[in-house]
Amino acid sequence: MRIQRIRVHNFKLLKDVDIQLSIDPAKPLTVIRAENGSGKTSLHYAIIWGLYGMDALKSVASPTDIRLSSKATPAGSPVFIEVVLDFHITDEAGTVHYRLTRHVQETPQVAGSVERGREVVKLSKLTASGDEDLDQPESWLQQWLPKRLVDIFFTNGDDVQKFITGKQEARVRQEKVHLAIESLLGIRQLRTAVLDIEAVQAVLDRKAARDAGGKLEKVTGELEKLELALKEIDEDYEKHAVRLANIERDQARKARELESIRGIGDLDAINQEIQGLNEDLASVEGYQQRNLDRMKGLLRSEALSWTLAGAPLRQALTRLDELKDLRKIPKTSTQILEDRLELGICICGERLDPGSTHRDEVSKLLAEQQDRDAIAERLTELRYGARALRSLNRQDFAEVRAEVLGDYAKLAESVRSKTTALHAVKERRSLIDDARVRELTEELTELDRKKSDVNFKLGNLDTRRGTAQYDCDQKREEKRNAERNAGISRDLAIRRDVGLDLLSLARAVQGQLEGPYVERVSKRLDGMFKEIVGADNGDTTGVITSTSITSNFDIVVSSQHGNSLDPDFEVNGASQRALTLAFVWSLMEVAGTVAPRFIDTPLGMVSGTTKERMVEAITRPPAPDETPYQVVLLLTRSEIAGVEDILDERAGAFGTLSCSQHYPLDLVNKWAEDEPYSRNCGCSHREQCSICARRHDNDLGLRFREESVA
């Protein structure tokens, strides 16, 4: 099935959009250019709704996106919504053209809800003689594009990793991969056919046994019960084997997380280290404080005084010595005069009797001398005090200062280094989620218990399976002997033998599809993924050495030494997208499915040569012996940048979506008169026109083509 034309009327902001798609096998690519908010996702949803209706849309869109009409539509105004898809189917009988139409009327309500009428869907076969309407159109569509595979045919770039990452549980991812493989390879249909043939064969066996007699009938019934029991044991064993694989995968993921936490350091050891650093820091800070006290004392010391006033002090001491030598100090004449007056005899021998002239003269001389000697007395005191300064062992202030500052600098550096170390250790401690460590440890212990329990059950089932297989073999031999001794009608024997041949053939084909065909998908997945990420197929030293699909239908990314990488934490976003695209492409190639592959914004988080290789890989035209396909990429201008030449070569059709809301900030021209809406034009990735021209298109070197704005 390949879609030729898409017409959308009033679906969200897509007012009247008409897009032609390439169906040329030599140019299988259609490029629809659209910036964010221009209608890419709306077009994506419109196609899904057109094909499958509301149920499928609810499975891919959030509840807030279920409204089909534009939110700008006034409450109470009915809106007619329609999607028309023209496509063709090519088989051995030739090519037949079809048209699918789905429409509904929706009326927005005041509260934001909508009233929606009954959907009407019509599928018509387009012939030269006129259109022929087909009954039960959904059943026809399920044959060509099964609704359960909507994720395969229509991929949203934001959810492109859904087959790969743990955004969903491993079981859900396995179911998605399993469903896709079963459906596209036809395994599910074949399994149903095998069950049907087994049921028919059982009926024929019972008829043959009744014809042959009671003994054969009894043996046949017993064999049926034994085979049914063996089948139940096999199914139980397979279920437990899958559970064991999931437990082991969960164990590996939790163990990696626990090791990443423990790799930061042991919590007790870190706490002990923090305590030691706090004690060291307190000790150093104590030394630092004592050093500061010494520095304060130095500022009050005689050493600082001698440094600041040493020269004038030495000069003063020298002058005092000179005054002593001149006998001007110490001053003793006043004391002598006082002594003479007290004795009443002058130094000359004259008597100094009270009231005598000589005594009056000496008293007068004493008074004058006392007035003049105040300074002399101070100088005398200074000289006697200076004798103590002369006896001091003076320490040079500069030397002391250098010593104190040096000690302080060392202590300050020690404080800084220990503070930095303390902060670093505390930061390490903050990264350790002790509760998470306990939680993970408990979960791993519980997983160990579950694993032991599952292994025990597998051991029991294996023993039971061996016993049941032996009983079945014995009973089959007994049945063969009974058949040889009994008479069965030739017609019934032929029908039973044909049934056995058909059952054997169906089981063989089922084994091929579940084994070698899945292996082919796995091998193609590995090759295409490595092509996109630029890995050498023979390289065993890179981070990613291989990818594969396990027997449990899980996509596994392997690294060196047989280790598997966790897609959530150890595979980047670009590689996750590459894995999903490689899976979709490889599965559809091996299945030989001719179907459209719509991808909305596939190149997010992808750049450089990886982007080039990805576009190269998913748009390469099929070889003549390969199944033709169709791919539609909805790309922004930034996604297109760097891959323009590949698009030139591979694309057979182009289109551009624009939204009126982007005027005037981004759109150059105004072409909306009232409510906002999106429309398309025929511009390629290298063109602009009056409809789609944006402010920076000239900077991108886009050539202008004429197209009416009206």
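- Under a 3.5 Å cut-off, the side chain of Q630 and the backbone N or O of R597 do not form any donor-acceptor pair.
- Shown here are the side-chain contact (heavy atoms from CB on, under 4.5 Å) partners of P137, two or more places apart in sequence or in another chain: V121, L123.
- By the side-chain contact (heavy atoms from CB on, under 4.5 Å) test, S586 is found to be paired with V521, R524, L525, residues two or more places apart in sequence or in another chain being considered.
- In this pair, F154 and Y52 present their aromatic rings perpendicular. The plane angle is above 60°, beyond the 30 to 60° band.
- Side-chain N or O atoms of T636 include none that pairs as donor or acceptor with a backbone N or O of E35 at under 3.5 Å.
- Side-chain atoms of H696 and D666 form no donor-acceptor pair, as typed in the model, at a separation below 3.5 Å.
- Counting non-hydrogen atoms of other residues, nucleotides and ligands closer than 6.0 Å to CD of Q136 gives a total of 12 or fewer.
- Panel note: side chain R2, backbone I23; a donor-acceptor pair is recorded below 3.5 Å.
- Contact of the T601 side chain with the L634 side chain is not registered, since no non-hydrogen atoms from C-beta on lie closer than 4.5 Å.
- Salt bridge status for D648 with K27: absent, with no side-chain N to carboxylate O gap under 4.0 Å.
- Here the side chains of R695 and L665 are not in contact, with every heavy-atom distance at 4.5 Å or above.
- Residues E616 and R650 are paired through a salt bridge, judged by an N-O separation under 4.0 Å between the basic side chain and the carboxylate.
- Within the model, atoms CG of L667 and CG of N669 stand 8.0 Å from one another, a figure rounded to the nearest 0.5 Å.
- When only modelled atom types and interatomic distance are considered, D600 and H44 share no side-chain donor-acceptor pair under 3.5 Å.
- Distance alone, capped at 3.5 Å, is enough to place a donor-acceptor pair between the Q688 side chain and the L702 backbone.
- A donor-acceptor pair under 3.5 Å is absent between the side-chain atoms of K530 and the main chain of T547, judged by distance alone.
- Screening L100, L141, L21 against L85 for a side chain to side chain contact (heavy atoms under 4.5 Å, CB included) leaves a single residue, L100.
- Every residue meeting the salt bridge (Lys or Arg N to Asp or Glu O under 4.0 Å) condition with E119, not counting sequence neighbours, appears here in chain and number order: R102.
- Salt bridge absent: R620 and E626 never bring a charged side-chain N and a carboxylate O closer than 4.0 Å.
- Looking at L68 and V104, their side chains come closer than 4.5 Å, going by heavy atoms from C-beta outward.
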What's the verdict on salt bridge (charged side-chain N to carboxylate O under 4.0 Å, His left out) for K611 and E639, showing C-alpha distance, side-chain angles and the deciding distance?
CA-CA 9 Å; K611 180 164 73 171; E639 288 182 287; over 6 Å; no
Step-by-step side chain to side chain contact (heavy atoms under 4.5 Å, CB included) determination, T73 to K71
CA-CA 5 Å; T73 303; K71 291 185 178 180; over 6 Å; no
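- Within the 3.5 Å criterion, the main-chain N or O of E644 finds a donor-acceptor partner in the side chain of H685.
- Between the D526 side chain and the K523 main chain, no donor and acceptor come within less than 3.5 Å of each other.
- Atoms NE2 and SG, from H662 and C692 in turn, are 13.0 Å apart once rounded to the nearest 0.5 Å.
- When the options D133, T101, D131 are evaluated for a side-chain hydrogen bond (donor to acceptor under 3.5 Å, both in side chains) with S124, the one that passes is D133.
- Looking at every heavy atom in both residues, K12 comes nearest to S42 through CD-OG, 3.6 Å.
- Evaluation of the ring-ring contact (aromatic ring centres under 6.0 Å, His included) rule for W144 yields F87, Y98, W140 as partners, not counting sequence neighbours.
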Side chain to side chain contact (heavy atoms under 4.5 Å, CB included), that's the test. Do Q105 and I81 meet it? Break it down for me.
CA-CA 6 Å; Q105 183 164 287; I81 302 163; over 6 Å; no
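- S660 OG to L13 CG: the interatomic distance, rounded to the nearest 0.5 Å, is 7.5 Å.
- Considering CD of E82 and NE2 of H103, their distance stands at 6.0 Å, rounded to 0.5 Å.
- No more than 12 heavy atoms of other residues, nucleotides or ligands sit less than 6.0 Å from atom CG of D135.
- Panel note: side chain W49, backbone L57; no donor-acceptor pair is recorded below 3.5 Å.
- For the residue pair I618 and M528, the shortest heavy atom distance occurs at CG2-CE, 3.9 Å.
- The side-chain heavy atoms of W671 and S690, taken from C-beta on, include no pair separated by under 4.5 Å.
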Pair up each side-chain donor or acceptor in residues 110-117 with any protein partner under 3.5 Å, not counting sequence neighbours, and list the distances.
residue	atom	partner	partner atom	Å
R116	NE	E106	OE1	2.8
R116	NH2	I66	O	3.4
R116	NH2	E106	OE1	2.9

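- Between R679 and K15 there is no side-chain heavy-atom pair separated by less than 4.5 Å.
- Aromatic ring orientation, H9 versus F80: tilted (interplanar angle from 30° to 60°).
- D16 and R7 are not joined by a salt bridge, as no carboxylate oxygen comes within less than 4.0 angstrom of a charged side-chain nitrogen.
- To the nearest 0.5 Å, the span separating OG on S22 from CZ on F654 amounts to 9.5 Å.
- Taking the side chain to side chain donor-acceptor pair (under 3.5 Å) definition, one finds that S70 meets it with nothing, sequence neighbours left out.
- Taking all atoms of both residues into account, the shortest heavy-atom contact from C689 to R705 is CB-O, 3.1 Å.
- Partner of V631 under the side chain to side chain contact (heavy atoms under 4.5 Å, CB included) criterion, chosen from T30, V31, L29: L29.
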Going through the distances and angles, do K122 and V120 end up as a side chain to side chain contact (heavy atoms under 4.5 Å, CB included)?
CA-CA 7 Å; K122 183 173 74 171; V120 177; 5.6 Å; no
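- Here the side chain of T619 pairs a donor or acceptor atom with the backbone of V615 at under 3.5 angstrom.
- By the 4.5 Å heavy-atom criterion applied to side chains, L126 and V96 are not counted as neighbours.
- Rounding to the nearest 0.5 Å gives a distance of 8.0 Å between CD of E687 and CZ of R33.
- Side-chain N or O atoms of S678 include one that pairs as donor or acceptor with a backbone N or O of S38 at under 3.5 Å.
- Residues W585 and F529 keep their aromatic ring centres 6.0 Å or farther apart.
- A 4.5 Å side-chain heavy-atom check between I3 and D86 finds every atom pair outside the cut-off.
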Could you walk me through whether L579 and I532 satisfy the side chain to side chain contact (heavy atoms under 4.5 Å, CB included) test, starting with their C-alpha distance in whole Å, then the side-chain angles of each, then the deciding distance to 0.1 Å, before giving a yes or no?
CA-CA 9 Å; L579 270 172; I532 293 174; over 6 Å; no
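- Shown here for C683 and T656, the closest heavy-atom pair between the two residues is O-OG1, 3.0 Å.
- Here the shortest heavy-atom pairing between Y629 and P622 reads CE2-CD, 3.7 Å.
- Taking both residues in full, the closest heavy atoms of M614 and L603 are given as SD-CD2, 3.7 Å, listed atom of the first, atom of the second, then distance.
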